[in-house]
Protein chains: 2
Amino acid sequence: MRRVYSSDFLCNEVTKLLMDVPEVVVNRLPQYVRALRQILEDGSEIVSSQLLGQTLQMTPAQIRKDLSYFGRFGKQGRGYNVRYLVTELQDILQLDHEWNIAVVGVGRLGRAIISYPGFSPEGFKVIAAFDSDSRQVGQSIGGLIVQPMDELADTVRQKGIQIGIVAVPAAQASDVVERITSCGIRAILNYAPVNPLVPPEVKVRNIDPVLSLQSMTYYLRSGDTGSTSN
Amino acid sequence: MRRVYSSDFLCNEVTKLLMDVPEVVVNRLPQYVRALRQILEDGSEIVSSQLLGQTLQMTPAQIRKDLSYFGRFGKQGRGYNVRYLVTELQDILQLDHEWNIAVVGVGRLGRAIISYPGFSPEGFKVIAAFDSDSRQVGQSIGGLIVQPMDELADTVRQKGIQIGIVAVPAAQASDVVERITSCGIRAILNYAPVNPLVPPEVKVRNIDPVLSLQSMTYYLRSGDTGSTSN
DNA sequence: AAGGGTTTGTGAAACAAGTCGCTAGCAGCT
DNA sequence: AGCTGCTAGCGACTTGTTTCACAAACCCTT
């Protein structure tokens, strides 16, 4: 079947790609991917924004709007072809790539991260580990030899590392982030309890369970659910 | 020193406490606490919103507005007394309490969480561990005896557990969250890669490093920083 | 005691995000 | 083929969040 596109339409599509997408929207895309894969596994080839919204607890409108930032993936009256939408989203997020990761800090947390089995199936490969403690250097952890910090820049270049994971104590975190960014790495997953200052082209995601807990305790005021008041 | 408050003023304060604070604001409070503690350690007793904003990479206006949801903690022309502001924020967030936590799932991740030394100094005490796998039950991990799931409700009541941490595989996560909430727990830190559905009075914070990574790779398009183009 | 230099707290303005309502288009049935 | 029910895409609108701008208040110096 042959299709005709108006110049208006094409122009619109180009504009979309150039127009920068709100970060909140980008942050939701991986959730869509995950949900869609699940739906596919459950045997559905087609899904409506309505249904997807139900499983993700979002409004259908939000899902449609989010997707519309990137293109037109659905069919009116029918919904989205799950298989197609997943591949499109994976493409947008570049999830088909293999991403090479260096972990800095091989204390308890760093070791847990290196051995975490959830990264690899998603294409995230931890292929190098560093530590500033010379007693750790040379040790083998999960098949990796811990390297000294001053090999960071060379290894990043040689092995094509694009992502850094920071798992050092708070005191060293800022320095480590600085060193990582100066190697040209533009994506950092930071487990240290600090908000590192980075140049604008670098993305940082902070993971700090203590902050998460501390923001929940605000809501834990005596609602006294559970026991019968009598 | 004796103070006089206008009824207007008092009414305003009461309104503030009743008025619900945006969740984004509450989520920033722990960051303020952390930064302020650091500032105190560095020897400053007084801090301006300007300076605090610099260390946290926020605008001074945002900090002032956030704090104004809860009261008036500063002095014009001077700034905030750090010690006082910290204690006020800790009070608001209820950080002086000891919070009892149960971890569900004692696989690799669950064990790491139980042994994580960062919770205890902040008043978060992991005092119980559960697993549905009978081979795990009875084992000792970090001083805790792993209990079977059907002891959950009783233990929560007996030991006054207010927070649950979920560290089970994705497939079991929804069930586990359901069981935890049905014990009356209203705060859950979820490490499983799912968005559990909970009643509105329950707060959930999801921690999923894969989602964080996947949202960063969107931005890792060929900016080709690093090598000199010539 | 008065003046200058700061800085808070806060309504108003600007901006961003999310929702609504409608149109156009598709599938399946009669 | 036409009708019915459904659903994406999208502009308009609503809601929520951040920033601005300025009066009131405070310290310190003179």
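The sequence lines fix the lettering, A, B, ..., with proteins before strands; numbering per chain opens at 1. Heavy-atom basis, side chains included; hydrogens, waters and symmetry copies ignored.
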[options]: which one has an atom nearest the side-chain heavy atoms of [X]?
{"X": "A:R28", "options": "C:dG18, D:dC10, C:dT10", "value": "C:dG18"}
{"X": "B:R78", "options": "C:dT8, D:dA8, D:dC28", "value": "D:dC28"}
{"X": "B:S48", "options": "C:dT8, C:dG9, D:dG9", "value": "C:dT8"}
{"X": "A:Y80", "options": "C:dT19, D:dT18, D:dA8", "value": "D:dA8"}

Measure the distance from [atom1] on [X] to [atom2] on [N] and round it to the nearest whole Å.
{"X": "B:N81", "N": "C:dT8", "atom1": "CG", "atom2": "P", "value": "13 Å"}
{"X": "B:Q62", "N": "C:dT8", "atom1": "CD", "atom2": "C1'", "value": "16 Å"}
{"X": "A:L67", "N": "D:dT7", "atom1": "CG", "atom2": "C1'", "value": "13 Å"}
{"X": "A:D20", "N": "C:dA16", "atom1": "CG", "atom2": "C1'", "value": "12 Å"}
{"X": "B:I46", "N": "D:dC28", "atom1": "CD1", "atom2": "C1'", "value": "14 Å"}
{"X": "A:L51", "N": "D:dC6", "atom1": "CG", "atom2": "P", "value": "14 Å"}
{"X": "A:K75", "N": "D:dG5", "atom1": "NZ", "atom2": "C1'", "value": "18 Å"}
{"X": "A:I63", "N": "C:dT19", "atom1": "CD1", "atom2": "C1'", "value": "13 Å"}

Q) Which atoms form the tightest heavy-atom contact between B:A173 and B:V194, and what is the distance? A) CB-CG2, 3.4 Å
Review item, nucleotides 20-23 of chain D N/O atoms under 3.5 Å of protein N/O:
from, atom 1, to, atom 2, distance (Å)
D:dA21, N6, B:R64, NH2, 3.3

Q. Who pairs with B:Y32 by side-chain hydrogen bond (donor to acceptor under 3.5 Å, both in side chains), at least two apart in sequence or on another chain?
A. B:D66
(Q) Between B:P60 and A:G77, which residue's closest nucleotide on DNA chain C lies nearer the 5′ terminus? (A) B:P60
So [X], base contact, sugar-phosphate only, or nothing? Heavy-atom distance under 4.0 Å.
{"X": "A:V25", "answer": "nothing"}
{"X": "A:G74", "answer": "sugar-phosphate"}
{"X": "A:P22", "answer": "sugar-phosphate"}

Q. Atom CE of B:M216 and atom CD1 of A:I163: how far apart are they, to the nearest 0.5 Å?
A. 6.0 Å
Q | Spacing of B:L29 atom CG and B:Y69 atom OH [to the nearest 0.5 Å] | A | 11.5 Å
Q) Any chance CZ of A:R83 has more than 12 other-residue heavy atoms, nucleotides or ligands included, within less than 6.0 Å? A) no
**Q.** Below 4.0 Å: OP1/OP2 of D:dA8 and any side-chain N or O of A:S49
**A.** yes
Q: Could you go through the salt bridge (Lys or Arg N to Asp or Glu O under 4.0 Å) check for B:R186 and B:E201 one step at a time?
A: CA-CA 7 Å; B:R186 302 208 311 285; B:E201 74 272 14; over 6 Å; no
Q: For residues A:V177 and A:L197, determine if any side-chain heavy atom of one lies less than 4.5 Å from a side-chain heavy atom of the other.
A: no
